[in-house]
Amino acid sequence: MCGIVGTVSQGPVAQVIYDALLVLQHRGQDAAGIVVCDGNHLNLRKDNGQVSDVFRTRHMLKLIGNMGIGHVRYPTAGCSSSAEAQPFYVNSPYGITLAHNGNLTNVDKLNTELYQSDLRHINTASDSEVLLNVFAHELQSSGSLNLTAEQIFTAVTETHKRVEGAYAVVAMLTGKGIVGFRDPHGIRPLVYGKRETDSGCEYMIASESVALQTSGFDLIADLKPGEAVYIDAQGELHQRQCVASAELNPCIFEYVYLARPDSIIDDIYVYKARLRMGVKLARKILRQMPQHDIDVVIPIPDTSRPAAIELAYHLGVKFREGFIKNRYIGRTFIMPGQNLRKKSVRQKLNPIDIEFKGKNVLLVDDSIVRGTTSKQIIQMAREAGAKKVYIASAAPPVRYPNVYGIDMPAASELVAHNRSEAEIAEYIGADWLIYQDLADLVDAVQKGNRSIDKFDCSCFDGIYVTRTVGDDYLNKISTLRGDSAKDTGDDQTNVVGMELHNNA
């Protein structure tokens with residue numbers, strides 16, 4: 001997952017994009033970038049690191065322009081110190097920059113086509129650069145210097161025909177405008193909104209509605225699957241459905257963990273969905289252990305808190321904050337490499353002993369992926385004096401890798417892969433473990449928008465909604481995503497990349 005934003009204004013946009021990236025920081029902490037357009041000149045700054053580290057005052061002063069796009073990066077394969085920060089740029093045609101959230105599943109085929117048929121060179125291992133070049137080639141096919149909205153939408157349509165996987169995209173055509181589009185399944189989120197100013201109407205496209213809200217934009221809608229919007233340099237909005245047979249299958253893990261709770265995705269309030277997850281989980285606990293001896297419910301902050309609050313209420317037991325979170329440590333789920341994740345857990349969370357001492361504690365987490373974090377947190381609870389430690393997951397067992405832009409590891413590194421719930425509980429050191437049922441999770445989310453017939457639940461059920469995901473592809477990403485790949489890196493490559501970005 002990554003965070004993307006694009007906006008067109010009659011005034012400077014760098015600060016607005018920066019503010020939006022700050023509230024999208026949870027979607028990626030590996031790298032950040034902003035590119036703005038001043039007439040026909042592009043000003044770019046991107047580098048490894050979080051938003052506040054990449055952009056200093058001296059950089060912001062150079063980001064002059066009335067339209068631009070931004071990106072926060074989260075690596076989906078290989079080593080996090082890769083210098084493949086976005087936005088990417090290609091000079092032909094027009095000068096196009098692009099930022100992408102998701103993952104293409106037919107990237108090898110596209111690479112071959114781009115080289116052999118389109119005569120384009122790809123310089124990185126990033127699928128986002130591949131996507132940029134496919135889109136650029138289709139735009140170039142228009143053969144027009146003065147692009148119309150119709151020609152842009154035709155290029156998006158042709159891009160959809162070639163590209164498979166998950167992709168939410170913002171792209172800027174130098175001096176012309178910004179286009180945003182979403183894949184035909186709508187797997188990754190993308191919204192757009194507007195705000196009225198003295199100089200007219202301004203538009204923003206972003207990964208989550210919270211990015212619009214914090215800058216004073218009113219949410220208009222989510223982009224529909226296969227839909228594109230184009231905001232020209234004069235601030236006029238154009239829309240077009242570019243895929244005839246699109247079907248909305250949003251990633252359910254957005255609601256479990258990825259998105260901020262104050263966001264609205266496909267007309268579903270994320271916070272409300274997480275509350276309903278807690279209700280469903282409480283009912284399952286009461287079915288399986290009606291005479292439970294739970295003294296207190298404690299969330300593993302922060303994502304699980306709404307579910308834990310409702311769970312405690314429906315169980316009729318106390319809810320307490322048992323862990324204090326160091327907010328200056330990143331999300332351990334998206335940290336590269338097992339060694340770094342292990343080190344970060346105890347730096348990130350510190351127990352309040354009095355809430356554990358002599359009690360039977362039910363810990364609530366949003367999900368359990370590798371089990372590394374859960375194992376250490378359960379041990380921390382025991383060291384704080386807990387008599388028994390139970391754990392509940394607001395999501396079902398994660399048994400399969402996600403291939404649509406979430407860096408879930410090789411199947412063999414998932415704690416639930418080929419293990420029963422009893423075996424998982426023993427592995428992580430819990431006295432008892434309970435998972436949400438998939439049907440209950442789907443219902444908890446779907447209640448916010450009953451028009452959504454199907455979610456992408458592939459990390460739970462192994463059913464992938466796109467065509468190109470088979471054993472060969474899964475074996476390949478297993479090699480790329482395994483911790484053995486992340487715990488080793490090419491230092492020389494990383495140094496060169498940093499130097500290039502610092503000169504941007």
Side-chain angles (χ1 to χ4, degrees), residues 1-2 4 74-77 84 86 88 98-118 120 122 124-139 141 153-171 179-190 207 223-228 240-254 400-408 453-459 461-481:
M1 68 178 179
C2 297
I4 60 176
Y74 151 77
T76 54
E84 295 167 0
Q86 297 184 41
F88 280 110
L98 178 143
H100 161 225
N101 174 31
N103 188 54
L104 306 188
T105 56
N106 65 333
V107 70
D108 289 342
K109 177 176 179 287
L110 291 171
N111 257 319
T112 301
E113 290 177 359
L114 285 168
Y115 182 73
Q116 295 182 352
S117 303
D118 301 348
R120 287 180 172 270
I122 303 301
T124 72
S126 172
D127 62 336
S128 300
E129 189 189 9
V130 172
L131 180 55
L132 167 60
N133 276 272
V134 171
F135 181 53
H137 176 78
E138 299 306 331
L139 276 174
S141 299
F153 291 140
T154 297
V156 173
T157 299
E158 295 304 311
T159 300
H160 283 313
K161 291 178 182 178
R162 298 179 63 179
V163 172
E164 296 181 12
Y167 49 97
V169 176
V170 288
V179 60
F181 55 94
R182 195 176 180 195
D183 72 72
H185 292 280
I187 297 171
R188 299 265 76 84
L190 197 62
S207 292
L223 269 77
K224 297 181 181 67
E227 184 182 23
R240 181 67 53 85
Q241 176 54 252
C242 297
V243 176
S245 57
E247 179 185 24
L248 181 59
N249 307 130
C251 175
I252 204 163
F253 210 73
E254 290 279 354
Y400 307 91
N402 182 287
V403 303
Y404 298 126
I406 307 174
D407 193 23
M408 288 183 177
D453 294 326
K454 181 182 178 183
F455 293 86
D456 169 60
C457 303
S458 53
C459 59
D461 60 14
I463 300 172
Y464 299 95
V465 298
T466 59
R467 294 175 295 169
T468 51
V469 180
D471 290 341
D472 288 345
Y473 182 80
L474 293 174
N475 290 335
K476 177 185 175 182
I477 65 166
S478 174
T479 302
L480 290 172
R481 292 184 178 184

What is the minimum heavy-atom distance between V169 and L190, and which atoms define it? O-CD2, 3.8 Å

Closest heavy-atom contact between A99 and Q86? CA-OE1, 3.3 Å

Rounded to the nearest 0.5 Å, what separates atom CD1 in I252 from atom NZ in K454? 12.5 Å

Nearest non-hydrogen partners of P189 and N101, listed with the distance: CD-ND2, 4.3 Å

Do the side chain of Y400 and the main chain of Y464 share a donor and acceptor less than 3.5 angstrom apart? no

R240 side, atom CZ; T157 side, atom OG1 - distance, nearest 0.5 Å: 8.0 Å

Restricting to non-hydrogen atoms, name the atom on S128 and the atom on L98 that form the minimum distance, rounded to 0.1 Å. O-CD2, 3.8 Å

Find out whether K476 and D108 are in side-chain contact, i.e. whether some heavy atom of one side chain is under 4.5 Å from a heavy atom of the other. yes

Please step through side-chain contact (heavy atoms from CB on, under 4.5 Å) for the pair V243 and F181, ending with a clear verdict. CA-CA 11 Å; V243 176; F181 55 94; over 6 Å; no

Evaluate L248 against R182 for side-chain contact (heavy atoms from CB on, under 4.5 Å), listing each step before the verdict. CA-CA 10 Å; L248 181 59; R182 195 176 180 195; 4.1 Å; yes

Keeping the roles fixed (side chain from S458, backbone from N402), state whether a donor-acceptor pair exists under 3.5 Å. no

Could you tell me whether a side-chain N or O of R188 sits under 3.5 Å from a main-chain N or O of S207, the two making a donor and an acceptor? no

Derivation and outcome, side-chain contact (heavy atoms from CB on, under 4.5 Å), residues C459 and F253: CA-CA 8 Å; C459 59; F253 210 73; 4.1 Å; yes

I'd like to know if the side chain of E164 and the backbone of T466 have a donor-acceptor N/O pair within less than 3.5 Å. no

Under the 3.5 angstrom rule, does the side chain of E129 hit a backbone N or O of F88 as a donor-acceptor pair? no

Checking the side chain of D118 only, and the main-chain atoms of R120 only, is there a donor and an acceptor separated by less than 3.5 Å? no

Short side-chain to backbone donor-acceptor contact, E158 and F153, under 3.5 Å: no

Tell me the closest heavy-atom pair linking P225 and G186, and the distance in Å. CB-N, 3.5 Å

Can you tell me if N106 uses its side chain to pair, donor with acceptor, with the backbone of R162 under 3.5 Å? yes

Looking at E113 and K109, is any side-chain nitrogen of the basic one under 4.0 Å from a carboxylate oxygen of the acidic one? yes

Rounded to the nearest 0.5 Å, what's the gap from CG on N111 to CD on Q116? Could you check? 10.5 Å

Spacing of K161 atom NZ and C242 atom SG [to the nearest 0.5 Å]: 10.5 Å

Would a distance-only check, ignoring hydrogens and angles, find a side-chain to backbone donor-acceptor pair under 3.5 Å from N249 to D456? no

For the atom pair CG (L104) and CG (D127), what is the distance rounded to the nearest 0.5 Å? 4.5 Å

Closest heavy-atom pair, H185 versus D183, reported as atoms and distance to 0.1 Å, is N-OD1, 2.7 Å

Nearest 0.5 Å please: distance from the CD atom of E138 over to the NE2 atom of H160. 11.5 Å

